[in-house]
Structures are given as structure tokens and as C-alpha cells.
Amino acid sequence: MSILTVKDLQVTFKGRKKTTEILKGVSFELQKGECLCIVGESGSGKTMTMKSIMGLLDTNFTIKGEAFLDDINLLTASKEEMRQVRGKKMTMILQNPMVCFDKLYRIGYQMAETFEAHTNWSKEEIYQKSIEMLKRMQLPEPDEVLKKYPHQLSGGMLQRIMIGIALALNPDILIADEPTTAIDSVTQYEIMKEFISLKEAGVTIIFITHDLGVASMISDRLIVMNKGLIVDSGTFEHIKENANDEYTKQLVAQKKAVVAAFKKSLGGRN
Amino acid sequence: MNKYILKRTIAIIPLLFAISIFTFVFINLIPVDPAEVVLRLWNIPVASEELIAQTREDLGLNDPYVVRYFNWLADALRFDFGVSYATPQLTVAQKLAAAFPNTLQLASLSFVLVIVISLPIGFLCAVYKDSWFDKLMRAFIFLTTAMPSYWIGLVLMWVISVKLGWLPTSGNFNGFKSLILPSITVASSYISIFIRLIRNNMIENMTQDYVHYANVRGLKQMNILVKHILKNSLHTCVVAIGMSIPQLISGTIVVENVFAWPGLGTLCISSVFARDMPVIQAYVLLVGVLFVVFNLIFDILQGVMDPKLRVGGEKNA
């Protein structure tokens, strides 16, 4: 059963002098429980696709096409309907956790305001849920973490909190927008482990990355985007062998070279 | 945090010292003999050489400058600024104390006007950026920035007091009514500064990642605007807002004279014309100290408001 259907999505940006086509007809489907990776270089339209279906683009952008989450038309829904979708049905994890939280408020407040915006839970229920999510994300001393300001926590911890907030309301889709780009490699590894266990738990994930290696770890299916178009799609194995587009071929070649170098350094076997 | 407050407080001591030196030096550089001024102000028709010498001796003007400076400073620390040349029956402190409440009234009402008017307008301009309202306000800001406050004061006086007869033209004899026009005049130039400050700060904040993330989490728009964007913007404006208080107090000079408001500004100008040096000296010192003290207070306040500074020492995560 497909939970998200995007058909011929076109986004154009109207500047003062010229209009730029950002997405030129993007179509894909997402099945329940699936993990879809969107791979592409910066400016290829990965994030734009997600922003447009989440209703996060301002009026300088015109959006054409269709996008359905179950039976909600994401492109014609009102602002208030989209607000209710965001953070509840579709949640998102951003790439730079250090700057995503408001530095003036404690973590507990920022978690609570998210839950308040989507539920009518009491203060006590909100507190219990916050603690539960922090525990689930394996943060030590959750009640202490709630009292901290963002600057007192590390990037990895903030990233976990973000994932916790995103999962708390049992979303239909979890979108991860390059969640490992801005954090150090040890934390990256831990965060990836987190995502893999989420995937195994059956969470529907859209994972955006420009790293084919990361994509190979987690994806059921892969979409490669370049210049606002989907240029390749299929499983990682399929794409590795049957890349159509120049950009994909380049990515695969790089990936193979890295793997070769790695194996060589381990023992010379290829 | 306490260490920070202590450090900032100690740092202002040399600054206050420097202000007092500059005040003393510049006033004494005025090429007028204070003794002659005194005799003229006391309406003594012919000042003989002996009389001038005698007066100099009485005023302690024959001491070396350094001795005079320290005498003056020691007295000033006890709020004793000597006797006014123009009105020997009154001390300078008495004159200042009589004028200060009037200026304070004027400055307070102006401050309230500035905040009450510019905060909502700046907020709306930022939220509805590039709308007709924003454009109208931008034109208004442009106009008021270009208009000097004494001119605005005169226009208001002419239209509202003379033509329409709604409010008194000048003085402070009609209670609150007399206060309205001078306050609007003083506030007018600050209102445009603050509208622009709040608007631009908010627009800058809107592009920050924390706002994007707040949207991603599906927070209500009003919450994002007020609790996050506005609060963060005010946070960066707090020093500017705080510093406007001494600016308002000192900046009333021109407007007070236009409206014949018997405050510090009027006192200062009349003392300048009379070469009443002890009063000028005390006024300059007072304003200097006000600036330094308010700067200190709002610097500390900003520190207290910033969680990074407030709880920075206990990073343990």
C-alpha cells in the first residue's frame, strides 16, 4: 500500500527578474514501512522536493503536480491543515542540530510546545512522553536533559532529541534530511545505527543524503536526483550495476573506488 | 555570572574618571574668566581689578588646576556641585534637583510612547514584509528620520495648539496636557529608529534555522512569531533599547527649549548663555554618568537574559 504518492511535481522560483525551474517533474511512491533514499548532489532538488510536499515553501515558489499523503492532498491543503500534518503525520529531522533549537528555551519547553501544537495532553502526559522519548533515544538522565539549554548539549545529543521529537507522535513518514552531514564521524555511526533500528522497527523513512555509502546501508529503494529530475531509481544493487545517468555512474565509481581502497588497506584482497 | 557583573562594574570606574577629567578640562578651556562672569551676573557695574582678584580668591580660582580638579571631584562625589553663579541663593544640586523630575516625566512618557508604538508596528512590518502597510511605514520612517525634532515640535505646536487649540503651546502649567506634545516630539525620532530596528531584527531572525525547525515541527504561526522570533529579536535589541533611556534624557535639550519645558535641557541652555559654569559642568558630568550606568545595567541585563552566559559554566554534556 503506498502511503505517499508524488506525481509530476514541478516547482518554479519566481525571482525579481527571472524564474528558475527547480523541480522539473518528480514522481515517486513510498510504501508503508519502506525506507526510500534520495541521493543527489547539492542543488539537485532533494530538499526542495521535501519542502514542497511539506508546505514549507513561501509564495515566491509555484508548485504544480500532485502529492498525496493517504488521502490528504498536500498541495491544495490549507495552511492550518498542513501545519497539523507537519510534526505529526510527516516529521522531519534536519541536518544541523546545533542551530535548530531556539537557544533561549530549555529542551523540555521545546519538546512540550511541539506536543502541545498537535495534542491536547496535560502537562503531566507531556512530561511523561518527553521522558519516554529521551529514554528511547538512549539519552542518559532524561529529566536532567529536559532542563538543559541547547548550548549545553552536544550535536549528537541534540540530533537524538530531534529524532525523539519526530517519532513521539507516531508519524506516517519520517523524513531525514542529511541527518549525518553536520556531525562528527563517531556520532554519525551511532545515529546511523539508530536509523537502522528504526527501519527494522517498521518506521516509514525518507532518507536524504549525498553519500551513496550511507544510502547503501539503509535503503530499500533509491532515487538519484540531478538538476531537478529523477535520473535513476531502484534498489542499491540495481543502481550499482545499471546506472543510466552520468552523475549516478560517477557516484557509483567513487563508491567502488572507496570500497576498493578500503579492502586493499585491510588485506590486499579485492 | 557574578564574576561577569563584578568585572563589568569595576571596568566603569576608569571610564567615570575619564569623563570627569574631560568635563573639567573642557569647561575650563572656555575662554571666559569665571570671576568676571560672576560679577556680571551679580550686576556689579564696574568691576575693578581688586574686585576681580578678590572674587577669584573667593571662588578658589587661584589654586592650581590639579588642586581645583580634585576639590571639584571630591565635592561632586558628595553631590555638591557648588553654588550657581547666576542664582547665588541656590546650589547647583538644588537647581538640578528642581529640573530633573520634569525631564524625567518627559523622557518616561516618550519612552512609553516609543515602545508602545514601535513594537507593534515593527512586528507587523516584519510579519507582512513588503505589504502596503510595510511600504507605508517605510515611507513614514524615511520622512521622520529626515525631519529634525524641533521642526516637528514647531509644526505640532502650530497645528494642534495654535490652529486647533486642543493643547497648550508651552510650559508645564496644564499637568498631563502640557506633556503630550513635547513627548510626541521627543518620541518621534526614536519611533522610526525602533520600528526599523525591530523590523530588521525580526526579518533576520525569520531566516534562521530554528524558525525553519519550528515550522517543521508544526508549531502555530503565532507561537513562532511571538515566542521565538520576537523574543530573539528583542534579545538583540535590549542594549539599544536601554541606551535610548539616557539618550532620551539628554536628547530633550532642543525639544525642551522649543516647548519652554523647565527641565534639564532648558536649564543647560540658559546656563550656557549665562556662562554659569558650575551648572554646565554638573550637567555634562550627570549625563556622562547616566550613559555609563545605563550601558552597564543593560549589558548585565542582556547577560542575564542569555542562557549561554547565565549557565555557561556548567557545560557537562
Side-chain angles (χ1 to χ4, degrees), chain A residues 50-51 54-56 58-59 79-80 82-107 109-111 113-118 139-141 144-145 147-158 162 165-166 168-169 171 175 177 182, chain B residues 1 4 126-135 198 201-239 241 301-317:
Chain A
M50 292 306 124
K51 277 191 174 176
M54 283 185 91
L56 287 170
D58 61 46
T59 47
K79 274 189 177 175
E80 178 60 17
M82 281 315 290
R83 180 189 75 73
Q84 286 170 7
V85 167
R86 284 196 301 268
K88 189 173 188 202
K89 293 182 181 234
M90 281 168 107
T91 56
M92 195 160 162
I93 296 154
L94 304 173
Q95 58 171 299
N96 200 344
M98 298 296 275
V99 294
C100 282
F101 288 93
D102 188 333
K103 63 183 192 310
L104 298 182
Y105 293 95
R106 293 171 201 275
I107 294 297
Y109 178 88
Q110 302 195 46
M111 289 185 83
E113 69 177 350
T114 317
F115 302 150
E116 269 167 21
H118 298 288
L139 283 146
E141 300 180 76
E144 282 301 306
V145 171
K147 286 182 206 152
K148 297 270 192 228
Y149 286 97
H151 75 274
Q152 295 173 291
L153 300 169
S154 66
M157 290 177 97
L158 291 172
M162 230 185 215
I165 294 175
L169 301 172
I175 301 171
D177 188 356
Chain B
M1 192 64 219
Y4 172 78
V127 176
Y128 301 106
K129 186 184 162 225
D130 295 329
S131 65
W132 62 266
F133 179 77
D134 184 31
K135 282 175 184 156
I198 289 164
N201 250 310
M202 280 188 69
I203 287 173
E204 202 184 301
N205 265 291
M206 281 175 185
T207 59
Q208 300 285 313
D209 286 316
Y210 75 85
V211 177
H212 178 56
Y213 184 50
N215 270 311
V216 163
R217 285 183 288 153
L219 301 188
K220 294 199 173 88
Q221 206 56 36
M222 214 45 193
N223 263 347
I224 300 180
L225 283 171
V226 176
K227 290 194 175 159
H228 293 285
I229 298 177
L230 185 65
K231 195 171 171 190
N232 271 282
S233 317
L234 287 182
H235 204 79
T236 40
C237 295
V238 78
V239 173
I241 289 172
L301 197 66
Q302 194 184 28
V304 171
M305 281 166 67
D306 189 348
K308 220 171 191 162
L309 274 170
R310 190 172 60 224
V311 289
E314 50 185 83
K315 180 165 183 159
N316 53 9

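Within every chain, numbering begins at 1; the chains are lettered A, B, ... in the order of the sequence lines, protein sequences first and strands thereafter. What you are looking at is a predicted structure, and each value in this text was computed from that prediction instead of being measured.
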Q: Apply the test side chain to side chain contact (heavy atoms under 4.5 Å, CB included) to residues A:K103 and B:N232: give CA-CA distance (whole Å), side-chain angles for both, the deciding distance (0.1 Å), then the verdict.
A: CA-CA 9 Å; A:K103 63 183 192 310; B:N232 271 282; 3.2 Å; yes

Q: Could you tell me the separation between the CD1 atom of B:I224 and the CD atom of A:E113, rounded to the nearest 0.5 Å?
A: 8.0 Å

Q: Checking heavy atoms, do the side chain of A:F115, its backbone, both or neither come under 4.5 Å from chain B?
A: neither

Q: Can you tell if the side chain of A:L104 reaches within under 4.5 Å of the side chain of B:H228, non-hydrogen atoms only?
A: no

Q: Which answer fits A:M162, side chain, backbone, both or neither, if we ask what part of it has an atom under 4.5 Å from a heavy atom of chain B?
A: both

Q: For the residue pair B:Y210 and A:Q110, establish whether any side-chain heavy-atom pair is separated by less than 4.5 Å.
A: no

Q: Consider side-chain contact (heavy atoms from CB on, under 4.5 Å). Of A:K51, A:R86, A:M92, A:M90, which one does B:V216 pass it with?
A: A:M92

Q: Under 4.5 Å from any heavy atom of chain B, what part of A:L56 do you find: side chain, backbone, both or neither?
A: side chain

Q: Is A:E141 atom CD crowded by more than 12 heavy atoms from other residues, nucleotides or ligands, each under 6.0 Å away?
A: no

Q: Which one, B:K220, B:H212, B:H235, B:Q221, leads in non-hydrogen pairs under 4.5 Å with chain A?
A: B:K220

Q: A quick test of your reading: do over 12 heavy atoms of other residues, nucleotides or ligands sit less than 6.0 Å from CZ of B:F133?
A: yes

Q: Considering only heavy atoms and a distance below 4.5 Å, find which of A:A117, A:A166, A:C100 pairs most often with chain B.
A: A:C100

Q: Can you tell me which of A:V85, A:I93, A:V145, A:V99 forms the most heavy-atom pairs within a distance under 4.5 Å of chain B?
A: A:V99

Q: Quick one: does NZ or CZ of B:K231 land under 6.0 Å from the six-membered ring centre of A:Y105, within 45 degrees of the ring axis?
A: yes

Q: Would you mind checking which part of A:T91 comes under 4.5 Å of any heavy atom in chain B, side chain (CB onward), backbone (N, CA, C, O), both or neither?
A: neither

Q: Which atoms form the tightest heavy-atom contact between B:R217 and A:T114, and what is the distance?
A: NH1-OG1, 2.9 Å

